[in-house]
2 protein chains.
Amino acid sequence: MIADWTERFQGTAALPRPVRDRLLKVARTIEMPKGEQVFGPTNIPDSLFFLYDGRIRVSQSSDTGRDIVLYRVDAGESCVLTTACMLAEEAYNAEGIAETDITAIVLPKLAFDRLVAEEEAFRKFVFAAYSRRLIDLLRVVDDVAFGHMDVRLAERLLALSGDFKEIAATHQQLASELGTAREVISRILQDFQKREMIAQSRGRITLLDKPALKELAASA
Amino acid sequence: MIADWTERFQGTAALPRPVRDRLLKVARTIEMPKGEQVFGPTNIPDSLFFLYDGRIRVSQSSDTGRDIVLYRVDAGESCVLTTACMLAEEAYNAEGIAETDITAIVLPKLAFDRLVAEEEAFRKFVFAAYSRRLIDLLRVVDDVAFGHMDVRLAERLLALSGDFKEIAATHQQLASELGTAREVISRILQDFQKREMIAQSRGRITLLDKPALKELAASA
DNA sequence: GCATGTTAAGTGACAATGTCACTGAAGCAG
DNA sequence: CTGCTTCAGTGACATTGTCACTTAACATGC
């Protein structure tokens with residue numbers, strides 16, 4: 001059923017069949033329900049994660065109760081932050097939450113070391129994963145340090161809506177995406193509503209004018 | 001003269017002698033004067049950098065003219081951002097500036113690949129470098145998203161002063177460290193001055209009361 | 001139905017930070 | 001000494017963050 005899982009790992013660098021076969025021999029899979037903490041400051045895994053199915057939200061929390069989403073790990077991607085923390089042995093306060101039910105491949109550290117040593121394709125995959133996250137974080141820094149909240153919110157609304165017009169999210173959840181306070185989101189959404197770009201009801205937002213939102217988001 | 005350069009690369013994972021010897025065979029060194037751009041959006045190197053001597057400041061710029069320092073590369077460290085960008089082929093707008101005259105080891109990509117494949121110690125070194133930068137960036141995100149400017153400034157003043165009491169820096173330079181505007185720095189420094197924690201003159205700041213600054217910085 | 005509790009959202013006041021358009025001050029070069 | 005140039009100070013205002021609330025929407029049990 002999961003015999004072809006490595007075929008999913010092609011996002012940044014595809015893994016050829018022989019490498020996949022080797023992976024299958026040493027890996028085992030785990031499943032976690034939606035909402036579960038995959039890793040966190042008090043829950044540092046000693047193995048490496050490769051996400052087969054589902055999505056993980058990686059976020060950072062402040063001690064004043066605010067959150068910010070750093071990036072999301074999608075099916076076919078690796079979660080290098082755990083790797084990083086294993087290696088660096090430094091404190092960090094990011095956590096990964098299963099945003100859906102997830103299935104992950106767990107690779108013990110020793111097996112990981114061997115694969116990295118012996119399989120060029122695997123090595124490339126891992127380096128690409130690291131690189132991608134570094135660049136994701138650069139983007140977050142840029143947004144937080146220099147971006148305007150209305151623009152960032154418009155971007156996020158569009159991203160969350162996908163091809164649909166409706167989003168099921170509370171103001172608090174949106175605030176936690178962007179690392180700001182609920183009141184700030186409320187204010188901006190009211191402004192969007194006044195300008196007839198969205199409609200709101202409890203826990204739900206309808207994007208009435210995506211082009212206008214896109215124009216706003218483009219003025220980053 | 002530089003035959004022992006690899007001995008410097010021990011910050012996160014030491015390189016044993018045989019690995020160092022191999023490195024020396026394939027690497028060449030370059031020097032750059034203080035102020036030079038080591039890499040940037042329009043200046044993506046096709047080799048890997050290991051800093052032998054000096055210091056590089058890696059910062060990100062906004063299109064509105066503000067800057068923020070992401071981290072510094074010290075002697076003995078690798079600059080993985082260039083690696084990341086080579087691999088990810090994504091746009092980014094970070095740049096590295098030589099903060100002092102620098103001497104760097106340049107490793108062609110092919111030689112890098114071979115070393116990573118064949119030398120476990122080198123691999124560990126590279127992974128540790130990646131991990132360290134990821135964690136550095138987590139810290140930056142945390143600071144920018146949740147930190148207070150007076151606390152961040154106090155931290156930076158202490159870090160920049162080292163064991164001395166004097167700092168040679170303009171308000172603009174400090175603003176560019178922290179990703180804020182000069183006026184904000186001026187305001188906060190005036191406050192510090194009023195509280196007799198510092199004294200100021202054109203382009204120079206004297207830390208009069210380091211304990212008080214440390215206490216402020218600790219309330220992060 | 002209705003009462004009640006819980007969570008989501010709105011509000012106003014204020015503090016902190018960012019932006020703008022300036023003014024004044026310090027050092028430098030002639 | 002006289003102008004440049006860079007650095008720092010200032011006040012007004014916009015945006016964002018924080019606090020202490022109020023009001024509204026839904027859920028549950030009766």
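Both backbone and side-chain heavy atoms feed into the values below; hydrogens, waters and symmetry mates do not. Each chain gets a letter, A, B and so on, in the order the sequences are listed, and its residues count up from 1.
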Between [atom2] of [N] and [atom1] of [X], the distance in whole Å:
X	N	atom1	atom2	answer
A/Asp150	C/dG18	CG	C1'	14 Å
B/Ile68	C/dG18	CD1	P	10 Å
A/Gln172	C/dG10	CD	P	13 Å
A/Leu153	D/dG17	CG	P	12 Å
B/Met149	C/dT19	CE	P	10 Å
A/Arg152	D/dT15	CZ	P	16 Å
A/Ile185	D/dG17	CD1	P	9 Å
A/Leu189	D/dT16	CG	P	13 Å

- Task: May I ask you to say what A/Glu183 touches in the nucleic acid, namely base, sugar-phosphate or nothing, with a heavy-atom cut-off under 4.0 Å?
- Result: base
- Contact class for B/Thr180 (heavy atom, under 4.0 Å): base, sugar-phosphate, or nothing?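 The residue B/Thr180 makes sugar-phosphate contact but no base contact.
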- Item | Earlier contact from the 5' end, DNA chain D, for A/Arg66 and B/Gln193 |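 Residue closer to the 5' terminus by nearest nucleotide: B/Gln193.
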Between [X] (side chain only) and [Y] (backbone N and O only), is there a donor and an acceptor less than 3.5 Å apart?
X	Y	value
A/Arg156	A/Leu178	no
A/Thr170	A/Gly203	no
B/Arg123	B/Val116	yes

- Item | Bending between helix ends of the helix from C/dG1-D/dC30 to C/dG30-D/dC1 [5 pairs per end, 10° resolution] |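 One end axis against the other gives 20°.
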Does [N] have OP1 or OP2 under 4.0 Å away from a side-chain N or O of [X]?
X	N	answer
B/Gln200	D/dC7	no
A/His148	C/dG18	no
A/His171	C/dG10	yes
B/Ser186	D/dG9	yes
B/Gln190	D/dT10	yes
B/Arg187	D/dT10	no

- Message: Between B/Val69 and B/Val140, does the side chain to side chain contact (heavy atoms under 4.5 Å, CB included) criterion hold? Intermediate values first, please.
- Response: CA-CA 9 Å; B/Val69 172; B/Val140 173; over 6 Å; no
- Quick one: do A/Met32 and A/Gln37 satisfy side chain to side chain contact (heavy atoms under 4.5 Å, CB included)? Show the steps, please. CA-CA 9 Å; A/Met32 287 177 111; A/Gln37 191 193 65; over 6 Å; no
- Message: Under a plain distance cut-off of 3.5 Å, with no hydrogens placed, do A/His171 and A/Glu183 share a side-chain donor-acceptor pair?
- Response: no
- Message: Between B/Gln60 and B/Asp67, is there a side-chain heavy-atom distance shorter than 4.5 Å?
- Response: no
- Is the closest side-chain heavy-atom distance between B/Phe49 and B/Leu107 below 4.5 Å? no
- Message: Evaluate A/Val38 against A/Val58 for side chain to side chain contact (heavy atoms under 4.5 Å, CB included), listing each step before the verdict.
- Response: CA-CA 9 Å; A/Val38 182; A/Val58 178; over 6 Å; no
- Residue whose nearest DNA chain C nucleotide is more 5′ - A/Phe146 or A/Thr170: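 Nearer the 5' end of the strand: A/Thr170.
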Under 3.5 Å, which protein N or O atoms sit close to an N or O of nucleotides 22-30 of chain C? Give each pair with its distance.
| unit_1 | atom_1 | unit_2 | atom_2 | d |
| --- | --- | --- | --- | --- |
| C/dA26 | N3 | B/Arg202 | NH1 | 3.3 |

- Task: Describe, in one word, how the ring planes of A/Phe127 and B/Phe127 are oriented to each other, choosing from parallel (under 30°), tilted (30 to 60°) and perpendicular (over 60°).
- Result: parallel
